[in-house]
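Values below: every heavy atom of this structure, side chains too, minus hydrogens, waters and symmetry copies.
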Amino acid sequence: MSSDTGLEPLVDQTISVITNDGRNIIGILKGFDQATNIILDESHERVYSTKEGVQQLVLGLYIIRGDNISVIGELDEELDANLDLSKLRAHPLKPVIH
């Protein structure tokens with residue numbers, strides 16, 4: 001049985017992770033294991049609000065357990081750099097219900 005999670009090409013790339021509790025964490029993927037536990041460097045959490053712009057909370061080096069991950073995706077750094085997060089309004093994500 002293959003233990004390939006498809007994350008190998010994303011190592012050392014900036015990714016976005018949505019957790020089961022609705023958090024959006026951005027960071028550079030430094031490693032992962034067979035349980036999809038991941039290590040992010042230079043990470044931050046984006047906190048969305050309908051009243052004010054997106055807050056970015058610095059997390060630094062961060063580990064996320066695989067069983068707490070809903071979605072992992074590539075982040076287009078050029079597109080992301082052009083976003084004005086101070087003007088972006090959105091409802092916070094709700095937790096994932098299994």
Side-chain angles (χ1 to χ4, degrees):
M1 179 192 306
S2 174
S3 64
D4 182 20
T5 61
L7 294 177
E8 190 65 42
L10 297 177
V11 172
D12 292 325
Q13 303 294 317
T14 301
I15 63 169
S16 175
V17 178
I18 306 295
T19 62
N20 291 340
D21 59 356
R23 297 170 67 198
N24 182 6
I25 300 173
I26 311 294
I28 300 169
L29 180 63
K30 290 312 222 179
F32 62 94
D33 65 11
Q34 66 276 8
T36 318
N37 299 310
I38 64 171
I39 301 169
L40 297 177
D41 196 12
E42 299 178 30
S43 65
H44 59 277
E45 178 181 357
R46 290 187 178 167
V47 180
Y48 294 88
S49 166
T50 57
K51 295 181 174 45
E52 56 188 53
V54 177
Q55 292 180 350
Q56 298 198 81
L57 308 175
V58 175
L59 302 173
L61 187 64
Y62 202 70
I63 298 172
I64 305 174
R65 287 180 48 112
D67 60 359
N68 192 34
I69 296 172
S70 290
V71 178
I72 298 175
E74 291 181 77
L75 190 75
D76 184 329
E77 294 183 67
E78 184 178 334
L79 181 64
D80 191 61
N82 290 324
L83 291 175
D84 185 355
L85 296 176
S86 67
K87 294 182 180 177
L88 185 62
R89 306 287 187 269
H91 288 280
L93 293 175
K94 294 182 180 181
V96 174
I97 299 172
H98 294 280

So how far is it from [X] [atom1] to [Y] [atom2], rounded to the nearest 0.5 Å?
| X | Y | atom1 | atom2 | answer |
| --- | --- | --- | --- | --- |
| Leu7 | Ile15 | CG | CD1 | 7.0 Å |
| Leu93 | His91 | CG | NE2 | 11.0 Å |
| Leu88 | Ser49 | CG | OG | 10.5 Å |
| Ile69 | Thr19 | CD1 | OG1 | 9.0 Å |

Is there a path from Leu59 to Phe32 through hydrophobic residues (I, L, V, M, F, W, Y) whose side chains come within less than 4.5 Å of each other? yes
[X] vs [Y] side-chain heavy atoms within contact, under 4.5 Å:
| X | Y | result |
| --- | --- | --- |
| Leu75 | Ile26 | yes |
| Leu10 | Glu74 | yes |
| Tyr62 | Ile38 | no |
| Ile72 | Ile18 | no |

Any side-chain to backbone donor/acceptor pair from Asn68 onto Ile64? Under 3.5 Å, distance only. no
Just by distance, no angles: are the side chains of Ser70 and Asn20 close enough, under 3.5 Å, to form a donor-acceptor pair? yes
So which pairs with a foot in residues 52-61 pass salt bridge (Lys or Arg N to Asp or Glu O under 4.0 Å), sequence neighbours left out? none
Run Ile25 and Leu40 through side chain to side chain contact (heavy atoms under 4.5 Å, CB included) and show every step you take. CA-CA 9 Å; Ile25 300 173; Leu40 297 177; 3.7 Å; yes
Atom CZ of Arg65 with >12 non-hydrogen neighbours under 6.0 angstrom: no
Heavy atoms of other groups near Gln56 CD, more than 12 under 6.0 Å: yes
Can you list the residues that meet the side chain to side chain contact (heavy atoms under 4.5 Å, CB included) rule with [X], with sequence neighbours excluded?
| X | answer |
| --- | --- |
| Leu83 | Asp80, Leu85 |
| Val47 | Glu45, Gln55, Leu57 |
| Ala35 | Asp33, Asn37 |
| Ile39 | Lys30, Leu61, Ile63 |

Heavy atoms of Gln13 and Pro9 approach each other most closely as CG-O, 3.8 Å
Between Gly60 and Ser43, which heavy-atom pair has the shortest distance, and what is it? O-OG, 2.5 Å
By salt bridge (charged side-chain N to carboxylate O under 4.0 Å, His left out) - contacts of Asp41 (at least two apart): none
